[in-house]
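What follows is a set of notes on a single structure, which appears directly below.
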Amino acid sequence: MARELTVLVLAAGRGTRMRSAVAKVLHPVLGRPLLAWPLAVARALSATRRGVIVGFQAEAVTKTLPAGFEAVLQRELNGTGHAVLQARRLFAGEGDTVVLSGDTPLLNAATVRRLLADHRRRRATVSFLTARHADPSGYGRVVRDERGEVRAIVEHDDADAATRRIDEVNAGVYCFENRFLDRALGRLRAANRQEEYYLTDVIAAAVRSGRGVVGVLCDDAEEMLGVNDRVQLARVHDVLRRRVLERLMRAGVTVVDPASTWVEPGVRVGADSVLLPGTTLQGGTVVGARCRIGPHTRVRDSRIGPDSVVADCCVLEEAALGPRCRVGPFARLRPGTRLAAGVHVGNFVETKKARLGAGAKAGHLSYLGDAEIGRRVNVGAGTITCNYDGYAKHQTVIGDDVFIGSDTQLVAPVRVGKGALIAAGTTVTKDVPAGALAVSRAPQKTVAGWADRRRALLGKK
Ligand code: UD1
Ligand code: CA
């Protein structure tokens with residue numbers, strides 16, 4: 001039978017070095033809180049119990065926890081050892097406990113699985129991951145004896161000059177045998193520079209009692225990068241961003257300029273699509289095959305059908321586009337926009353809660369809000385749906401094959417029947433029946449010779 005496994009994620013700290021009013025683990029990384037990344041690792045492990053230690057801004061942090069995680073409150077922030085101690089009841093009895101840090105987002109689940117397998121095979125009491133860092137400052141240093149066996153972890157603040165020169169650091173990822181962990185935590189003392197109960201002191205305690213302690217050096221130091229300040233936050237952000245882009249590129253997506261392209265991890269993009277420089281794809285966005293997006297376009301929580309083009313500088317939010325649509329440049333599709341196949345939405349067009357039927361066109365300078373627009377409708381330049389009367393929003397319904405001339409206002413609620421024609425410059429205030437012409441215009445007056453006479457009067461050429 002598999003041994004019981006508990007996974008704990010430490011997330012109670014304030015993150016003083018961030019110099020922020022917001023808890024460190026809540027700072028966003030590619031659209032998710034920093035904490036979400038280690039939680040994904042915790043979720044990928046087959047554990048019986050999963051706990052997150054919360055403290056600073058506990059309520060806000062707890063809100064971000066997905067199902068299956070129990071929040072454990074650390075009332076006073078007395079260090080990482082004290083933090084783990086609060087979750088004591090989650091690792092009572094036989095089994096092992098994996099501890100992860102809420103501020104180490106690059107870690108892969110596979111790396112933790114290897115650590116755990118190794119820990120169990122060797123029947124170790126404590127196993128932990130280490131890495132070599134060119135600049136180890138800030139991290140706990142791994143002190144080994146002449147045979148290479150781990151003796152202790154010494155925190156940066158408590159280390160002397162010789163210890164500070166050690167470049168092997170504690171990554172903050174551990175496996176503990178439960179009974180030992182429970183006993184050792186109860187005996188921790190806060191006799192150090194920070195006057196905190198260090199989880200890392202459990203390692204020296206295990207060594208002293210002659211138990212198996214294994215420090216596993218990881219080749220990929222990048223995976224172990226922790227976030228303590230905003231410089232490190234930017235660094236891990238960049239690594240995660242590149243990981244997502246590389247996955248897309250390997251799956252057949254062209255990313256013209258990876259340095260300026262931002263794609264969040266939940267986004268899907270079909271093969272042979274091209275992301276032009278400055279493109280940002282967020283949330284649950286799904287882009288079909290053979291699309292062209294950007295440059296400098298942002299798409300959030302939207303679906304874009306195959307063979308579509310969303311050109312320069314567009315913003316799409318909660319919009320759904322069928323196949324072969326052409327959008328932009330400079331279009332803004334707001335929530336509730338639904339474009340059927342082959343729709344064209346051109347420059348300086350804004351849509352909101354608007355459905356456009358197959359083959360409909362709105363080429364230039366329009367606002368289409370709360371509108372139902374039929375198939376093959378031509379929306380002329382400068383058309384505005386006047387959907388708001390200062391109190392409520394009203395619906396505009398336009399039938400198939402309607403032609404709307406330029407500079408038309410549709411004062412909602414209003415309906416235009418199939419195949420009708422609205423003359424340019426019309427303010428539509430009454431429903432228009434199918435097949436009709438609607439025109440509302442002051443009649444044009446033409447005065448022959450007027451301009452010439454004026455010029456003569458003013459003595460101009
Ligand atoms: C810690 C390790 C250090 C290691 C480094 C790796 C200790 C004493 N030191 O240092 O050896 O090299 O991580 O990144 O463990 N936390 C709590 N409650 C507390 C204090 C901290 O939950 O009372 C949480 C924090 O929110 C954070 C994690 O524990 O997610 C680590 O705390 P942090 O203060 O960042 O420790 P480091 O100084 O980075
Ligand atoms: Ca840290």
Side-chain angles (χ1 to χ4, degrees), residues 8-18 20 22-27 33-39 41-42 51-58 60-62 64 71-87 99-107 126 128-133 135-143 150 152-159 163-164 166-174 176 184-185 188-205 215 217-218 221-233 235-236:
L8 299 176
V9 183
L10 305 185
R14 159 194 263 280
T16 312
R17 291 163 277 184
M18 294 292 282
S20 175
V22 177
K24 175 168 71 178
V25 292
L26 293 181
H27 279 256
L34 180 57
L35 179 60
W37 300 83
L39 291 188
V41 173
V52 180
I53 320 300
V54 299
F56 185 68
Q57 295 179 348
V61 175
T62 303
T64 71
V72 176
L73 184 65
Q74 184 188 13
R75 276 177 211 285
E76 280 174 76
L77 304 179
N78 290 332
T80 48
H82 180 255
V84 174
L85 190 61
Q86 309 311 304
V99 176
L100 308 174
S101 289
D103 65 355
T104 309
L106 302 182
L107 185 68
V126 185
F128 64 101
L129 292 177
T130 78
R132 287 197 195 286
H133 277 313
D135 175 16
S137 59
Y139 288 93
R141 307 298 204 283
V142 180
V143 179
V150 172
I153 295 174
V154 178
E155 290 308 302
H156 181 90
D157 284 348
D158 304 302
T163 308
R164 283 189 182 180
I166 297 174
D167 67 347
E168 185 182 5
V169 306
N170 167 32
V173 179
Y174 320 80
F176 297 100
L185 287 175
L188 282 182
R189 291 287 165 267
N192 51 56
R193 283 284 298 277
Q194 303 189 75
E195 298 184 345
E196 284 185 356
Y197 295 91
Y198 290 163
L199 181 59
T200 45
D201 283 350
V202 167
I203 277 82
L217 178 68
C218 227
E222 192 180 73
E223 235 188 276
M224 309 298 150
L225 282 178
V227 174
N228 291 324
D229 60 29
R230 298 197 202 220
V231 175
Q232 290 168 323
L233 181 70
R235 200 170 297 151
V236 302

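Counting starts at 1 for both ligands and their atoms, in listed order. For reference, positions follow the sequence shown, starting with 1. Only a predicted model underlies this, so the values are computations on that prediction, with no experimental measurement involved. Computed over heavy atoms, backbone and side chain alike; hydrogens, waters and symmetry mates excluded.
One distance of note links CZ of Phe176 with CG of Leu8; it measures 9.5 Å at 0.5 Å rounding. Taking OG of Ser137 as the reference point, atom NE2 of His156 lies at 5.5 Å (rounded to 0.5 Å). Between Thr130 atom OG1 and Arg141 atom CZ the span is 13.0 Å, to the nearest 0.5 Å. The CZ atom of Arg235 lies 10.5 Å from the CD atom of Glu222; values are rounded to the nearest 0.5 Å. To the nearest 0.5 angstrom, Leu10 atom CG is 9.5 Å from Thr104 atom OG1. To the nearest 0.5 angstrom, Asp103 atom CG is 9.5 Å from Met18 atom CE.
If you look at Arg17 next to ligand 1, the close heavy atoms, those under 4.0 Å, all belong to the side chain. The side chain of Gln74, and not its backbone, has at least one atom closer than 4.0 Å to an atom of ligand 1 (non-hydrogen atoms only; side chain from C-beta on). Looking at Asn228 against ligand 1, only its side chain comes within 4.0 Å, counting heavy atoms. Residue contacts with ligand 1 for Ala83 involve side-chain atoms from C-beta outward but no N, CA, C or O (heavy atoms, distance under 4.0 Å). With a 4.0 Å heavy-atom cut-off, ligand 1 is reached by no atom of His82.
Residue-ligand proximity: Asp103 is placed with a non-hydrogen atom under 4.0 Å from ligand 1. Remark: distances from the non-hydrogen atoms of Ala11 to ligand 1 include one below 4.0 Å. Within the 4.0 Å heavy-atom cutoff, Lys24 counts among the residues contacting ligand 1. Under the 4.0 angstrom criterion for non-hydrogen atoms, Gly226 is not in contact with ligand 1. Ligand 1 lies nowhere less than 4.0 angstrom from a heavy atom belonging to Gln86.
Each of the following atoms of ligand 1 lies closer than 4.0 Å to a heavy atom of Asn78: 23 (O). Residue Gly102 approaches ligand 1 through these ligand atoms, each under 4.0 Å from one of its heavy atoms: 30 (O). Listed by number with element, the atoms of ligand 1 under 4.0 Å from a non-hydrogen atom of Tyr198 are 8 (C). Short contacts between ligand 1 and Gly140, defined as distances under 4.0 Å to a heavy atom of the residue, involve ligand atoms 3 (C), 4 (C), 11 (O), 12 (O). Close approach to Gly13 involves these atoms of ligand 1, each under 4.0 Å from a residue heavy atom: 16 (N), 17 (C), 22 (O), 25 (C), 26 (O).
A 4.5 Å side-chain heavy-atom check between Asp158 and Tyr198 finds at least one atom pair inside the cut-off. Leu185 is listed as a side-chain neighbour of Val202, based on a closest heavy-atom distance under 4.5 Å.
When all heavy atoms of Leu129 and Cys218 are compared, the closest pair comes out as CD2-SG, 4.5 Å. Closest approach of Arg164 and Ala159 over heavy atoms only: NE-O, 3.4 Å. In plain terms, the two heavy atoms of Val54 and Ala12 that are nearest each other are C-CB, 3.5 Å. The two residues His27 and Ala23 come nearest to each other via the heavy atoms CD2-O, 3.3 Å. Closest of all the heavy-atom pairs between Leu225 and Tyr139 is CA-OH, 3.8 Å.
For atom 15 (O) of ligand 1, the closest non-hydrogen atom on the protein side is Thr80 OG1, 2.7 Å. Annotation: atom 22 (O) of ligand 1 to nearest protein heavy atom, Ala12 N, 3.0 Å. Closest to atom 27 (C) of ligand 1 among all protein heavy atoms lies Leu10 O, 3.9 Å. The protein atom (non-hydrogen) at minimum distance from atom 23 (O) of ligand 1 is Gly79 N, 2.8 Å. The protein atom (non-hydrogen) at minimum distance from atom 5 (C) of ligand 1 is Asn170 O, 3.9 Å. If you check which protein heavy atom lies closest to atom 9 (N) of ligand 1, you get Glu155 OE1, 2.9 Å.
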Report task. Please step through side-chain contact (heavy atoms from CB on, under 4.5 Å) for the pair Leu199 and Tyr174, ending with a clear verdict. Result -> CA-CA 10 Å; Leu199 181 59; Tyr174 320 80; 3.6 Å; yes
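Atom 29 (O) of ligand 1 is approached by the protein to below 4.0 angstrom, counting heavy atoms only. Put simply, atom 3 (C) of ligand 1 has protein non-hydrogen atoms near it, under 4.0 Å away.
By the side-chain hydrogen bond (donor to acceptor under 3.5 Å, both in side chains) test, Glu196 pairs with no residue at all, sequence neighbours left out.
Between Asp167 and Arg132, at least one side-chain nitrogen of the basic residue sits less than 4.0 Å from a carboxylate oxygen of the acidic one, meeting the salt-bridge criterion.
The distance cut-off of 3.0 Å around the Ca ion (ligand 2) captures these protein N, O or S atoms, sorted by chain and number: Asp103 OD2, Asn228 OD1.
Under the side chain to side chain contact (heavy atoms under 4.5 Å, CB included) test applied with Glu155, the options Asn192, Thr200, Asp201 reduce to a single match, Thr200.
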